[in-house]
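Structure record follows, encoded as structure tokens.
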Amino acid sequence: EQIYLIEKVELSKFESGSKAGIGSIVEVLVDDEQTKYLFLLPSGGVEVPFKNKKIQTITIESPIGLNLHEQQEGHDFEINGKTFEIVGIF
């Protein structure tokens with residue numbers, strides 16, 4: 001129930017050089033398609049509605065979480081043949 005309050009949040013982009021971590025919303029290009037991930041503990045896998053889009057929740061232990069955690073904008077990696085690139089951290 002409370003997670004739906006996220007729709008009221010205004011995103012502010014972190015300063016250049018900021019690293020992704022718990023509570024971060026990370027915008028990623030996946031094979032040229034933008035998506036957002038929200039780091040939560042202890043569970044992920046839920047899609048949260050946000051301003052007519054969806055944000056996928058993830059944990060640090062997930063394959064995507066392991067690759068995003070403590071990384072900065074511009075970092076890229078590959079999982080299962082898909083290329084991911086961090087394009088924003090909020």
Side-chain angles (χ1 to χ4, degrees):
E1 176 178 309
Q2 291 179 348
I3 201 157
Y4 291 105
L5 293 176
I6 195 168
E7 286 189 321
K8 299 189 183 308
V9 172
E10 291 297 322
L11 294 182
S12 299
K13 196 165 186 180
F14 288 2
E15 293 180 20
S16 180
S18 295
K19 294 182 178 180
I22 301 302
S24 297
I25 295 175
V26 183
E27 188 171 35
V28 178
L29 280 178
V30 183
D31 292 338
D32 296 323
E33 186 177 320
Q34 283 192 337
T35 191
K36 289 183 174 71
Y37 294 100
L38 171 62
F39 274 110
L40 292 179
L41 284 178
S43 64
V46 176
E47 284 190 341
V48 179
F50 179 76
K51 301 186 190 267
N52 298 321
K53 295 189 178 189
K54 296 199 180 207
I55 296 177
Q56 181 72 42
T57 62
I58 59 173
T59 65
I60 291 174
E61 293 84 16
S62 69
I64 294 172
L66 287 168
N67 281 280
L68 291 177
H69 188 245
E70 292 291 315
Q71 297 301 324
Q72 299 177 355
E73 196 171 310
H75 173 72
D76 61 2
F77 57 95
E78 192 172 309
I79 295 177
N80 296 331
K82 292 185 177 184
T83 301
F84 294 72
E85 178 187 355
I86 298 175
V87 295
I89 300 174
F90 303 89

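None of these values were measured; they are calculated from a predicted model.
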Inset, instruction - State the OG-CD distance between S18 and E70, to the nearest 0.5 angstrom. - result: 11.0 Å
Inset, instruction - Kindly work out whether a path of hydrophobic side-chain contacts (I/L/V/M/F/W/Y, heavy atoms less than 4.5 Å apart) joins V30 to I58. - result: yes
Legend entry - Side chain proximity check, Q56 to K36, heavy atoms < 4.5 angstrom: no
Inset, instruction - Could you walk me through whether F84 and I79 pass the side-chain contact (heavy atoms from CB on, under 4.5 Å) test, one step at a time? - result: CA-CA 8 Å; F84 294 72; I79 295 177; 3.9 Å; yes
Legend entry - Heavy-atom closest pair, residues G81 and D31: O-OD2, 4.4 Å
Inset, instruction - Mind checking the CZ-CG spacing from F77 to N67? Nearest 0.5 Å is all I need. - result: 4.5 Å
Legend entry - Linked hydrophobic residues, L29 as query - side chain contacts closer than 4.5 Å: V87
Inset, instruction - Supply the atom-to-atom distance T59 OG1 to H69 NE2, rounded to the nearest 0.5 angstrom. - result: 11.0 Å
Inset, instruction - Could you tell me the separation between the CD1 atom of I55 and the CD atom of E27, rounded to the nearest 0.5 Å? - result: 9.5 Å
Inset, instruction - Sort and list the pairs that fulfil side chain to side chain donor-acceptor pair (under 3.5 Å) and have at least one residue in residues 74-83, not counting sequence neighbours. - result: Q71-H75
Legend entry - Contact summary for E73 and I89, nearest pair of heavy atoms: N-CD1, 4.0 Å
